[in-house]
**Q** 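Have a look at the structure that comes next, please.
Each chain gets a letter, A, B and so on, in the order its sequence line appears, and its residues count up from 1. Reckoned from all heavy atoms, side chains included, excluding hydrogens, waters and symmetry mates. Please read these numbers as outputs of a predicted model, since none were measured by experiment.
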2 protein chains.
Amino acid sequence: MAKSIKEIAQELNVSKSTVSLVINHKAQQARISKDLERRVLDYVAKVGYKPNSLAKSLATGRSNTIGLIVENIGDSFFGPFALYVEELLRKKNYHVLYSSTLGDPQNAQDIIDFMLEKKVEGILLAPTVNLDEHQRKILENKVPLVVFDRNSPEVATHYVHIDNGDSSRKACSYLQSIGCENFGLITIDSDQPQMLARKEAYLKFCEETGMKARILQLPYRRLRQKGIAAVRSWVSKNMDLDGLFFTTNYLCILGLKSLRTEGGEHFNFPLFSFDDHELFDILNPKISCIQQPLEPLAKTCVKVLLKEIDRGITSPKEYVISTNLIKR
Amino acid sequence: MAKSIKEIAQELNVSKSTVSLVINHKAQQARISKDLERRVLDYVAKVGYKPNSLAKSLATGRSNTIGLIVENIGDSFFGPFALYVEELLRKKNYHVLYSSTLGDPQNAQDIIDFMLEKKVEGILLAPTVNLDEHQRKILENKVPLVVFDRNSPEVATHYVHIDNGDSSRKACSYLQSIGCENFGLITIDSDQPQMLARKEAYLKFCEETGMKARILQLPYRRLRQKGIAAVRSWVSKNMDLDGLFFTTNYLCILGLKSLRTEGGEHFNFPLFSFDDHELFDILNPKISCIQQPLEPLAKTCVKVLLKEIDRGITSPKEYVISTNLIKR
DNA sequence: TATCTTTACTAATACGTTTTAGTAGAAATA
DNA sequence: TATTTCTACTAAAACGTATTAGTAAAGATA
């Protein structure tokens, strides 16, 4: 069905080398006559030759594929992010081998092994916890690695991310500017660095402004079962609250559910979320938030990774993308 | 860095064949002594040998990769769907090469060419318009193809989908059962077969029950700009409406925006959506819907595709997945 | 002891490409 | 005319694996 270079060569009575050179636009440098070049080109077009990219990759060592590893391709952050990445890479003639780890290090292991076997030319990774060894392994294999969204402080990699502390600070100032004098923070009981940074910035803000800090840490593991009740009871114990700052969008949604009365009316103070959500623009009251700009994030990741692939691995750098404050 | 079979063979003073056979668990059938087998196995484990899957694929003709082509991996249907597919395939030791066409046939062309070059063993495709030729090309290349969600009536392929007509009918009956005697349909001005089927079923329902049919067709191309106003004016011209049936979830969301008054109160009749959405469970009033069961859908797609890969291409069949009616 | 079997391997070829060194013949130089 | 240079190619090796036919040595059979 699909013809090989060998067959084409035989049918044209020339050598495989000739055909290969012509196809790869090296006819000139290899002094193939214009005449023969045309003949090959025409024939190749006529039979609709498609190179076997496995063989090609084996010979050249280039797979034209990069790996994208996220926690869950189905979620509202990684899905659209992946789309941007794909678009950007398509323009550079690269394609994406993606995988979701679902937070399971064993999955991550399998995925990375598979990608290394497939000889991806670089990997874009949003690490979940306990992926230090995995990252080291990638680097040991001399495969360029760019980490985004989160990182492991223990392992030195290129790292593209937003400034969590600064963004959190902006959020606090905004709440203050719209009249909140006693707003609390609802976060998650987890030591993900980005969550810690968001909390720290809130604490610093309190210190500076003299506002009393009130923090609720929800359990990461049994959030769905315990979260709603926890928020409800905490809020009712802190009746002087006049605003809430959630450190991520799913917490904010959970908060919404918690604070709605049976009748359907809502609480009567502003909510603010870190990370946007389709919901926030539709609900009433609308919810302001810090928005991570997906496109710049994706652009930077791709640019840095391609540079590494092109010029060889360089010493790790950080790239900080600034966030938007969406007022609603 | 990464050792090859050749190097391992040299270091052990045996032939490449021996190493290869042992690695592939063919030691017994090739009468390699238990002793040597152990020696090879141990050494291979010790140096952490990882096969080069490009070479492997070239030799065996199997890439252990399947292609998944959707319109937009970032959306709330395809994203989670892709996750299921990935999970299911992981168990069978397959991986996914995915791509989003964004509805552009040229993109689709590039993607398919790339996948064929990569020697994917099968393709899972949710076709957008004008992809008939593309599908034929895949089949000509003897690559198993399973089409889902939508299909092109012009080209015969395995086709996994829900029963749009029947589901739409269920929706109508449900609205009737909760007291709606004059509900309208809001759909999109496009000839996608699934949309047509949903509309037809509504019309048939009207005919059978004697209900007056009222249909608003929104413009596919300039939906965002024109949609909200169009819904608003149409509803106000049809004051006797007592329910709305949206043929897809983004239309329903658009409807929500349209029908909300400035004060934040809602219209006072039931809304029903085809396709579920995270929102519908959270909003007040909650919105009932027809839900496409992603997991069974993904399972069937994967099962059918793997069977084709295993046993060779068979004559096209249809697989209908039944939907759920979610009452809220 | 000559022949057949079995055991335990290995040599060789193939997969489809890229790439480099080589070469036959023509043309130019001395 | 003998040597060098150039032209237009091609042969061969390499990438890393899988697979099949083959083989030497040992053991079994007659």
**Q** So, does the side chain of Ser17(B) form a donor-acceptor pair with the base of dA11(C) at under 3.5 Å?
**A**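 Per atom types, the contact qualifies.
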**Q** Considering non-hydrogen atoms only, spot the tightest contact between Pro153(B) and Asn151(B) and give its length.
**A** CD-O, 3.7 Å
**Q** What integer distance in Å separates Lys6(B):NZ from dT17(D):P?
**A**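 For the pair Lys6(B) NZ and dT17(D) P, the rounded distance is 11 Å.
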**Q** Over how many whole Å does the gap from Ile5(B) atom CD1 to dT13(C) atom C1' extend?
**A**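 Ile5(B) atom CD1 is separated from dT13(C) atom C1' by 16 Å.
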**Q** Taking OP1 and OP2 of dC9(D), is either one under 4.0 Å from a side-chain nitrogen or oxygen of Thr18(A)?
**A**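 No, Thr18(A) has no side-chain N/O under 4.0 Å of OP1/OP2 on dC9(D).
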**Q** Under 4.0 Å, counting only non-hydrogen atoms across every strand here, what does Leu54(B) touch: a base, just sugar-phosphate, or nothing?
**A**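 The residue Leu54(B) makes no contact with any strand.
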**Q** Could you tell me whether Leu58(A) contacts a base, only the sugar-phosphate backbone, or nothing, with contacts defined as non-hydrogen atoms closer than 4.0 Å?
**A** base
**Q** Under 4.0 Å between any heavy atoms, over every strand shown, what does Ser4(B) touch: base, sugar-phosphate, or nothing? Just pick one.
**A**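 Counting heavy atoms under 4.0 Å across all strands, the contact made by Ser4(B) is with sugar-phosphate only.
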**Q** Does dT18(C) have OP1 or OP2 under 4.0 Å away from a side-chain N or O of Asn24(A)?
**A**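 The answer is yes; a side-chain N or O of Asn24(A) sits under 4.0 Å from OP1 or OP2.
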**Q** Whether Ser20(A) contacts dT18(C) is assessed here as follows: a side-chain N or O lying under 4.0 Å from the phosphate OP1 or OP2. Is that the case?
**A** yes
**Q** Between Phe78(B) and Phe148(B), how do the two ring planes meet: parallel, tilted or perpendicular, split at 30° and 60°?
**A** perpendicular
**Q** Looking only at the side chain of Ala59(A) (C-beta and beyond, no hydrogens), which of the listed nucleotides dG16(C), dT19(D), dC9(C) gets closest?
**A**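 Ranking dG16(C), dT19(D), dC9(C) by closest atom to the Ala59(A) side chain puts dG16(C) first.
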**Q** Base, sugar-phosphate, or nothing: which does Ser33(B) touch, judged by heavy atoms less than 4.0 Å apart?
**A** sugar-phosphate
**Q** Can you tell me how far P of dC9(C) sits from CD1 of Ile23(B), to the nearest Å?
**A** 16 Å
**Q** Roughly how far, to the nearest 0.5 Å, is CG of Leu36(A) from OG1 of Thr18(A)?
**A**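 Rounded to the nearest 0.5 Å, the OG1-CG separation comes to 6.0 Å.
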**Q** Rounded to whole angstroms, how far apart are CD on Gln28(B) and P on dT6(C)?
**A** 16 Å
**Q** Let's see if you can work this out: which of dG16(D), dA13(D), dT10(C) has an atom nearest to the side-chain heavy atoms of Lys16(A)?
**A** dA13(D)
**Q** Mind checking the CE-NE2 spacing from Met115(B) to His95(A)? Nearest 0.5 Å is all I need.
**A**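 Going from the CE atom of Met115(B) to the NE2 atom of His95(A) covers 8.0 Å.
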**Q** Ignoring the backbone of Leu36(A), work out which of dA11(C), dT17(C), dC9(D) is nearest its side chain.
**A**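 Closest nucleotide to the Leu36(A) side chain: dC9(D).
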**Q** So, is Arg31(A) near the phosphate of dT7(D), with a side-chain N or O under 4.0 Å from OP1 or OP2?
**A** yes
**Q** Establish, with yes or no, whether the OP1 or OP2 oxygen of dG16(C) is under 4.0 angstrom from a side-chain nitrogen or oxygen of Tyr49(A).
**A**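 So the side chain of Tyr49(A) is outside the cut-off, no N or O lying under 4.0 Å from OP1 or OP2 of dG16(C).
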**Q** Whole-Å distance between dA21(D) P and Gln29(B) CD?
**A**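 After rounding, the reported distance stands at 13 Å.
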**Q** Taking atom types as modelled and ignoring hydrogens, do the side chains of Glu154(B) and Ser152(B) form a donor-acceptor contact shorter than 3.5 angstrom?
**A**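 Not at all, the side chains of Glu154(B) and Ser152(B) share no donor-acceptor pair under 3.5 Å.
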**Q** Classify the nucleic acid contact of Thr60(B) as base, sugar-phosphate or nothing, counting any heavy atom under 4.0 Å across all strands shown.
**A** sugar-phosphate
**Q** Whole Å only: how far is the CG atom of Asn52(A) from the P atom of dG16(D)?
**A** 17 Å
